[in-house]
Amino acid sequence: MKYTIGLFALGTAALAATSLITPAHATVGSCTEPVTFGTTISSTGRYSTLADKWRNMTIEFAKMINENGGVNLKGCGKKLPLKIIIYDDQSVPSTAVSLFERMATVDKVDFFVGPDWSAMGFPVPPVAEKHKIPMVMANVAAPPIFKRGLKYMWGTPMPTVPNWSTRYFDMMSKQTPRPKTIYFITQDNPVTKALTGFWSKKAASLGYKVLGNELFSVELKDFTSLVLKLRIRKPDIIYISSFDSPSVPLIQQMRRLKTKAKDVHHALLSGKLHKQVGNDLEGVTGEIPWYPGVKGPYSDFTEELVKRANVDMFEYPWTMSRISAYLIMVQAVERAGTVDREKVRAALFKGTFDSPTGQIEFNENGYAHKNGAFTLQVQNGKPVIVWPPEIATGKFVYPSPSWQ
Amino acid sequence: MDASIIIQIALGGILLGGLYAMVAFGLSLIYGVARILNFAHGTLLAVGGVAASAIFTATAWNPLLIMALLVPVLGLFGYVFYDKLLQPLTKRSHFEYTVGSVLVTVGALLILSDVAAWIAGPAPRNIPLRFEAMEFGDVIVSTTQAWILGGIIVFTIVLHFYIKKSWFGRAMRAVTQDHTGATICGVQADRVHALTFAFGSGIVAIAAVLYTMLFPVDPYMGFSLTVKAFTIIILGGIGNLVGALIAGIFLGLAEGFTSFFWATQWAPAISIVLLLVILVIFPQGFGWRKSK
Amino acid sequence: MLTIENLAVDHGKLRAIWDLSLNVDTGARVGLLGANGAGKSTTLGAILGIYPPSEGDIRYDGHSIVGNSPPLNVESGIALVPEGRRLFGEMTVRENLEMGAYTKSARAGVADNIDHAFALFPILKQKHNDMAGTLSGGQQQMLAICRALMSSPDLLLLDEPFLGVAPILVDEVMEALRRISDEGVTMLLVEQNIHRALDFVEHAYVIENGRSVLDGAKDTLLNDPGFSNKFLGLE
């Protein structure tokens, strides 16, 4: 259970004070004013552990674009500087709504980027719709959000549920001895349940025998019984679909009770989990949207950006989705060639854009449905990309020796 | 069914239940003496555990030393908490006292959680001390678990005798049973109230260190512990330590076996189900209280 | 030893004692008589410090004790056998006695005072390990008296010590109280049963609706026609 001391009303008032830049005037087709993006970041509140470095990173992003001259507008025959207005939504959806409203009417930004999290993905896009301002959201994954017929909303969650473990299962299918059985352990949360819901069916269709499908609540601390079930059923793969905090005691008790498996997969693995359980994570596989060293469009730019902003992609795996939202909006404006919301909207519609993770392709609902993830394995305490082989930074160790 | 599995689950259940019981001890003493439902009690374990983990990470001290440091600190906190925030309410009407004490303890719970999260971060933390695992057939017991089990047993016995034999222990029981009677005997009720808060909070400090050696703690996990402790008190009887220990272990075992034989997702909810079932079948709870 | 002057006590907004004065000499046995609700128990509570007076003065050993807490008054030698006994039902007889010696100065004498109590009421010795809640009414009253004696008081305040005591035990309790008195303990007895009270005390005060209305030595009162008509006739 999470609590926030801040009262919403009070918070909103206080937030106004954190405004970065004085209002910029968006004039359609202007070739003198900077191109202005508006966004909110969960710098405080319950999601802040995932996002607390993004404010600084966003400032660095605008700086880096401007170091290259800015956003290239054919219609003006020159590059215009980029401004990004940033507010803290305190992880509270209603705060985010009023901030986007403010950015539309007071700050008069040209385009919206962000916000994150499905909880905000429901109430915020209607603001963009009302003011006809194109919006590329970042970590907003729940499919129903995109099925509301909204015309000014795109989202680039990384990875998307149906593509989350694609490369992992591809990798496992090429191992010898081939794993035959799998056991799903799922945190009781909409996103993690969606993952298991999709991948347990998929695993069965791929020929795996699903030995168990266990749901646990975040309150659970004593996993003895669950671990004993694993010891009895002896699955080849243990697939853990959980955010990294609730699974801490699970991983620790699996080690304490000497659980064996050919591979232990933690679908939402991050460096934070590694910090908490240390060596217990050795050999565990996970997934990550992108990691420095993986080459692709804008990969040098992104490497430089995360270096400047001091963001470790393993610790902040959701960062790639944020950066992608920014990159896509810049590309869309450049394609439109002018600061015209309707033309940018047309550029975004069913568009395909560049990103270090590969091509990002929007479907007609504005959903980047093909975003996938790379498979990594913790080796000697460090995350190593092990799949696909063409971009791997190390070799997959299988069967995982530390789980024998 | 393999006996080793039952033993393994029972071991986990007893450990967790014993720790629940230690939280319930203090809550029970405080309720008995001051008639205050201290909703912040479990949060004190969460915050104490976070502090213990932070100290361990920084210094690698022996957990016993951390305990020795935390017991007086949390004890002092408990004393001041009662003395400065709750005691003034006793001058109000009964209604204001009841509602006011709920507001104060719930407020403390929120503030403690947020302050701890602000200082130490909201992520779960441990005392990552690894002792050797001992294997008896298929049953795996870490020496940490063995020490903690021993610690809980010794602590319960010491606490039992302390409350039975010491002047302060007797005063707590006397105030619990008859407030006016205790005053007539020369007991300073306000002081005993505040000291009981200190005492209960000190017990939580011990439980916090033990808990953090076995399970991760985070600043926001306290309330569910408080709910479990309330369940234990209802089953075991107010001020009844032996009853609380039995009820706690019973609860821990129930959670373990629910998870194994039924489904893991139901384990945390089983305490409420059990509470209802048992209160229907045994309206007196497990506590074999002698009625007046 | 104890002097009360123009005492007034309020229970919240209700005034329980309006104007009460009395005097208890060292070693005396004094009664405080009156009907139910006259304010007798409140007076004893005010002396011990449970109910702070609104007006008037209470002097003990020459010093005002108004505003002193009950523990302080117990420490200085006042003890109360309260209305309804107020025992700790789920503590043993021995533990109840030990609680009576809770104040710092009394703790040294615990063993002696327990022996004294057991000599006074041997049944308590027999039942020393039983829960107080399991005793009979008379036995509980004995325990309440002994618990009060555990602090070695100079002034013993007794609130209806015969209430709920079986008739055959009343004499035993009264005999014990006489022995305590003979040992030099001053007593102030609250009692509804006037005959029984006058059997025990040497001097009595009568209060009505929170005011002292009459007082005198036992014989004076018995010979006072107003007193006899008003109180003894009712019995």
Side-chain angles (χ1 to χ4, degrees), chain A residues 1-6 44-50 52 91 185-189 193 212-232 243-259 270-273 275-280 315, chain B residues 2 4-6 8-13 15-17 19 109-111 113-115 117-118 121-126 128 130 133 135 138-142 144-145 211 214-225 227-228 252 255-269:
Chain A
M1 218 180 293
K2 303 271 178 175
Y3 307 94
T4 36
I5 312 178
T44 59
R46 60 186 299 186
Y47 298 118
S48 60
T49 53
L50 309 173
D52 55 3
S91 311
I185 303 172
T186 310
Q187 180 200 342
D188 193 352
N189 167 289
K193 280 201 291 200
N213 205 328
E214 205 79 28
L215 200 62
F216 70 89
S217 106
V218 285
E219 272 180 46
L220 192 71
K221 298 284 181 169
D222 180 12
F223 284 86
T224 309
S225 298
L226 206 163
V227 175
L228 286 174
K229 285 185 191 176
L230 294 174
R231 277 175 55 178
I232 293 168
F243 285 99
D244 40 25
S245 290
S247 62
V248 168
L250 171 63
I251 303 277
Q252 289 174 335
Q253 287 165 42
M254 278 168 65
R255 286 297 193 190
R256 213 177 283 163
L257 292 170
K258 307 199 168 170
T259 310
S270 86
K272 298 236 160 69
L273 182 65
K275 272 192 177 161
Q276 287 163 42
V277 304
N279 276 342
D280 284 350
E315 275 189 40
Chain B
D2 196 340
S4 70
I5 287 165
I6 302 292
Q8 189 81 59
I9 297 172
L11 181 75
L15 277 169
L16 191 61
L19 292 168
L109 143 82
L110 302 178
I111 292 168
S113 296
D114 279 335
V115 168
W118 182 60
R125 325 178 52 118
N126 265 105
R130 288 281 175 275
E135 294 189 41
D138 279 342
V139 179
I140 300 171
V141 186
S142 73
T144 320
Q145 287 176 307
Y211 192 99
L214 278 185
F215 306 108
V217 289
D218 69 75
Y220 295 103
M221 61 169 270
F223 188 67
S224 70
L225 279 173
V227 171
K228 291 202 167 84
E255 289 188 358
F257 286 110
T258 302
S259 172
F260 188 79
F261 289 110
W262 191 12
T264 304
Q265 69 196 98
W266 295 108

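Protein chains get the first letters and strands the later ones, always in sequence-line order, with residue 1 at the start of each. Only heavy atoms go into these numbers, but all of them, side chains included; no hydrogens, no water, no symmetry mates.
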What part of A:D244 lies closer than 4.5 angstrom to a heavy atom of chain B: side chain, backbone, both or neither? neither
Which answer fits A:K221, side chain, backbone, both or neither, if we ask what part of it has an atom under 4.5 Å from a heavy atom of chain B? both
Interatomic spacing from [atom1] in [X] to [atom2] in [Y] - rounded to 0.5 Å:
X	Y	atom1	atom2	result
B:L214	A:R256	CG	CZ	5.5 Å
A:L220	B:W266	CG	CH2	14.0 Å
A:K229	B:I9	NZ	CD1	8.5 Å
B:E255	A:E219	CD	CD	8.5 Å

Are more than 12 heavy atoms from other residues, nucleotides or ligands located less than 6.0 Å from atom CG of A:D52? yes
A:K193 atom NZ, neighbour heavy-atom count above 12 within 6.0 Å: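 Yes, because the 6.0 Å sphere around NZ of A:K193 holds more than 12 heavy atoms from other groups.
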For A:T44, side-chain hydrogen bond (donor to acceptor under 3.5 Å, both in side chains) partners two or more places apart: A:D88
Residue list, side-chain hydrogen bond (donor to acceptor under 3.5 Å, both in side chains) with B:T264, at least two apart or on another chain: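 Counting only residues at least two positions away or on another chain, B:T264 forms a side-chain hydrogen bond (donor to acceptor under 3.5 Å, both in side chains) with A:E214, B:S259.
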Can any side-chain N or O of A:S245 pair as donor or acceptor with the backbone N or O of B:A123 at less than 3.5 Å?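 Not a single qualifying donor-acceptor pair exists.
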Heavy-atom cut-off 4.5 Å, strictly under: side chain, backbone, both or neither for B:W118 against chain A? neither
Given heavy-atom pairs under 4.5 angstrom as the criterion, report whether the side chain, backbone, both or neither of B:P128 touches chain A.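 Answer is neither: B:P128 stays 4.5 Å or more from chain A.
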What closest approach, in Å, do [X] and [Y] show between heavy atoms, and which atom pair accounts for it?
X	Y	result
A:D222	B:G13	OD2-N, 3.8 Å
A:L257	B:Q8	CD2-NE2, 3.2 Å
A:S225	B:F257	OG-N, 4.4 Å
A:L228	B:F260	CB-CE1, 4.0 Å

Counting heavy-atom pairs under 4.5 Å with chain B, which one of A:L215, A:T224, A:T186 comes out on top? A:L215
Is A:R231 close to B:I140 at the side-chain level, that is, under 4.5 Å between some pair of heavy atoms? yes
Would you indicate whether the side-chain heavy atoms of B:P216 and A:Q252 approach each other to under 4.5 Å? yes
